[in-house]
Amino acid sequence: MRRDRASGEPPESDLREWLRARDAGPAPDRLRMRVAHVTRDAPPRRSTWALLRPVSALAVTAAGTVAVTVLILIAATTRGPAGPLAGGLAQSAGPTPTSSTDTLGLMPIGPWPRTGPVLALPIDGLPFALLVALPFVAALLLIIYLAWRSFADAHLSIVQEGFWARLWQIRPPGVWASRVAVVLVAAALVVVGCDLVQFGQANPLTYGNLESSDAVRTLGSRMGVGGGETYMSFVPGGQLSIMLDLSNQGELPLTVTSFDAALFGEQPAATFISSVELRLPQGATMGGAGPDDYYSEAFHPFEIPPQGSSSMLMVLHLKDCPAVAPGPTPGPDPFSVHGYLPTTGYVTIGTLPFRYSVLGTERQTDLLLNDSLGLVFGSDVVTC
Amino acid sequence: MKAPRGDDRAEDGQAVAADIAVERGRVDAASEFSRLADRYLDTAYRLASVILGDPTEAEDAAHDAAVLAWRRFGTLRDPARFEQWFCRIVVNVCRDRLRHRRRHPVVELSSEEDERADLQTSDRSGQLLARDALDRAFVRLEPDHQIVVALRFYRDLTVDEIARRLEIPAGTVKSRLHHALRRLRTEMERQGWREEASDEA
């Protein structure tokens, strides 16, 4: 006998020869007689189990689906009203913490710097929608795979065997355990997907209040149906300062990464603004003489803790528009004027676009100002 | 004694007719099965003898397979596939028997060292020496591997045909063949069989 030089294995011809040597030849008559008596033993019957096996496969699949549904319902009923940002992924299955409205609004500013990590993945919009859809698609594929394997087993069992026990012999217990694990993974994926949906819909970054405005330019304020409006006089080439407050209503820290100047530029008021400057409070100068002393730190990504807030100074640098007449001169005590109604043309700034990051995911939001800002000009028709 | 009413007689007649139909169906099935089993009994017996390596056990295996096949004959939808179906049952019976052997090994009186020494010192031809080594190596293969090797090199089935018959993926068949051949070589070498020795012989 030779050995296959290339593979080092016995050559096929030798194996064939050896196997044929084991061939016992035609079946002996004794065996034929025994087999001839086989049909007297029991009548053939169509196995009931063979018919029930597809049903059992369906039952396994249905049980998996029910398990997934129950887990989803558990996750949904124990979820906080504000989604995962109010409860966190790990807390989805536990009691939801009650968010306190008392902590919203103005808060004492903590020690600076509070710059959070800027690990922002720009996945807002369509990529984020795909990210949200991914767990659901994965869960669906897992369930389809489970159903397919169940039907394959049922088919295999029908074709091969006639005993119920064979179903367990075809696939060892480990396979069944892995199928249970697949159901659990699918359920976990669905829960994660639901969390991502909530995450996509939740907007933890909100506008707190207009803390203060430039006393030199403020004309007065007025309360409207949708909120207040503060009016400031437009001065060509000048600047306006407002102190505003940003709040984090979620349960996870968020990092304000940037002011979206491009989006801000789409507003009509941006026609009259050359640039926007943001300043942050600087701990070393707290208690200084004025806002410029207090907000002396240039803007950089900063973190707002959960349920916390942070103030900042926004300085609007106005364009030097020769065709625009300067706005009215403020009165002696503009902050006490609560029913101010401009008699000349004006534009308002109603939203401030910011970009922020939560869990490394960068989102964009247009903060709707409770107290919108009105730039009042000296004439009715204004172009710059 | 109460005379049977007309309705009772009609019901009895229906029951008898049903029994006759069932019996006729059973007789038809029995004759059909006997015809098919007799036709493919040689094939089944020879395959069992190759897998099991023992004519007596192969006879029992073929008989057991026939019993199982008769009990499940009702599940066979296409009689034209009887040969493949019966072959699969034979293979499954052989697999069970091989596994039973592994769980209840027969202890041979001569030790492995004695066998090796016997192989090296005997005056049998190198061909016979190698066959003995192959015989011992084959026994040490996993039952599933033995079956795949037998189907591939005895029945000359292709990988796809084996996969269809055993209802396993073709990749699994390839893998089992690969590992079986490697294991055969390893076992043969472990038993002292050498290519040079057999070549010289």
Side-chain angles (χ1 to χ4, degrees), chain A residues 1-51 53 149 152-163 165-166 169-171, chain B residues 22 25-26 29-31 33-34 37-38 41-55 58-59 62-63 66-76 85 88-89 92 126-127 129-131 133-135 137-138 149-150 152-154 156 167 181-182 184-185 188 193 195 198-199:
Chain A
M1 182 176 285
R2 302 171 313 281
R3 193 164 55 168
D4 190 336
R5 303 284 179 186
S7 63
E9 293 158 356
E12 294 181 3
S13 58
D14 291 335
L15 256 181
R16 284 196 173 87
E17 188 184 338
W18 176 79
L19 287 168
R20 281 179 189 133
R22 286 164 69 102
D23 187 342
D29 292 340
R30 183 176 60 254
L31 176 60
R32 290 191 183 281
M33 289 178 65
R34 289 171 68 188
V35 171
H37 285 79
V38 161
T39 54
R40 296 178 186 172
D41 291 346
R45 59 185 172 80
R46 186 169 287 279
S47 170
T48 309
W49 285 119
L51 297 173
R53 229 162 263 133
R149 295 304 300 170
D153 278 0
H155 174 71
L156 187 63
S157 184
I158 289 169
V159 171
Q160 268 197 341
E161 311 296 346
F163 298 121
R166 287 291 179 182
Q169 289 176 6
I170 290 171
R171 303 289 176 213
Chain B
V22 168
R26 196 182 80 81
S31 60
F33 177 81
S34 296
D38 190 62
L41 190 61
D42 277 346
T43 309
Y45 171 68
R46 296 172 81 154
L47 178 62
S49 67
V50 169
I51 294 173
L52 297 172
D54 180 358
E59 196 176 320
H63 176 259
V67 170
L68 282 174
W70 169 240
R71 285 179 184 167
R72 301 169 196 174
F73 193 50
T75 64
L76 179 64
W85 179 72
R88 189 181 303 130
I89 294 176
N92 288 337
Q127 191 79 3
L129 194 76
R131 284 192 178 184
L134 196 50
D135 208 2
F138 189 75
V149 168
R152 176 71 187 90
F153 295 110
Y154 171 69
D156 285 328
E167 294 281 349
L181 293 177
R182 276 184 57 189
L184 274 178
R185 184 193 63 189
M188 289 173 72
W193 176 79
E195 183 185 8
S198 60
D199 283 349

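This one's a predicted model, so the numbers in the text were calculated from it and none came from an experiment. So that the names make sense, note that chain A is the first sequence line, chain B the second, and so on, each numbered from 1. Values below: every heavy atom of this structure, side chains too, minus hydrogens, waters and symmetry copies.
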Participant: Please list, chain by chain and in numerical order, all residues satisfying side chain to side chain contact (heavy atoms under 4.5 Å, CB included) with Arg20(A), sequence neighbours excluded.
Facilitator: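 Arg20(A) satisfies side chain to side chain contact (heavy atoms under 4.5 Å, CB included) with Arg16(A), Tyr154(B), Asp156(B) only.
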Participant: List the residues meeting ring-ring contact (aromatic ring centres under 6.0 Å, His included) with Tyr45(B), not counting sequence neighbours, and say none if there are none.
Facilitator: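 Expected list: none.
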Participant: Determine yes or no for a side-chain-to-main-chain donor-acceptor pair under 3.5 angstrom, with Arg22(A) supplying the side chain and Ile51(B) the backbone.
Facilitator: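 Yes, the answer is positive, given that a donor and an acceptor are paired below the 3.5 Å cut-off.
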Participant: Chain A heavy atoms under 4.5 Å from Leu47(B): which part of the residue, side chain, backbone, both or neither?
Facilitator: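 Contact with chain A is absent: no heavy atom of Leu47(B) under 4.5 Å.
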Participant: Would you say that Arg34(A) contacts Val67(B) through its side chain, given a criterion of any heavy-atom pair below 4.5 Å between the two side chains?
Facilitator: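 Answer no - side chains too far apart.
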Participant: Quick one, Arg71(B) with Val38(A), criterion side-chain contact (heavy atoms from CB on, under 4.5 Å). Give me CA distance, side-chain angles, the key distance, then yes/no.
Facilitator: CA-CA 9 Å; Arg71(B) 285 179 184 167; Val38(A) 161; over 6 Å; no
Participant: Looking only at heavy atoms, which two atoms of Ser49(B) and Ala24(A) are closest? And how far apart?
Facilitator: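 Heavy atoms of Ser49(B) and Ala24(A) come nearest at OG-N, 3.1 Å.
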Participant: Relative to chain A, which of Asp54(B), Asp38(B), Leu52(B) shows the most heavy atom pairs under 4.5 Å?
Facilitator: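 Between Asp54(B), Asp38(B), Leu52(B), the count favours Asp38(B).
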Participant: In terms of heavy-atom proximity below 4.5 Å to chain A, should Ala58(B) be classed as side chain, backbone, both, or neither?
Facilitator: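 Ala58(B) has no heavy atom closer than 4.5 Å to chain A.
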Participant: Trp70(B) and Val35(A): side-chain contact (heavy atoms from CB on, under 4.5 Å), yes or no, with the steps?
Facilitator: CA-CA 10 Å; Trp70(B) 169 240; Val35(A) 171; over 6 Å; no
Participant: Between Pro28(A), Pro26(A), Ala36(A), Ala27(A), which residue shows the highest count of heavy-atom pairs closer than 4.5 Å to chain B?
Facilitator: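 Counting heavy-atom pairs under 4.5 Å, the top option is Ala27(A).
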Participant: Minimum heavy-atom separation for Leu19(A) to Ala150(B), with atom names?
Facilitator: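 Smallest interatomic distance, heavy atoms only, reads CD1-CA, 4.3 Å.
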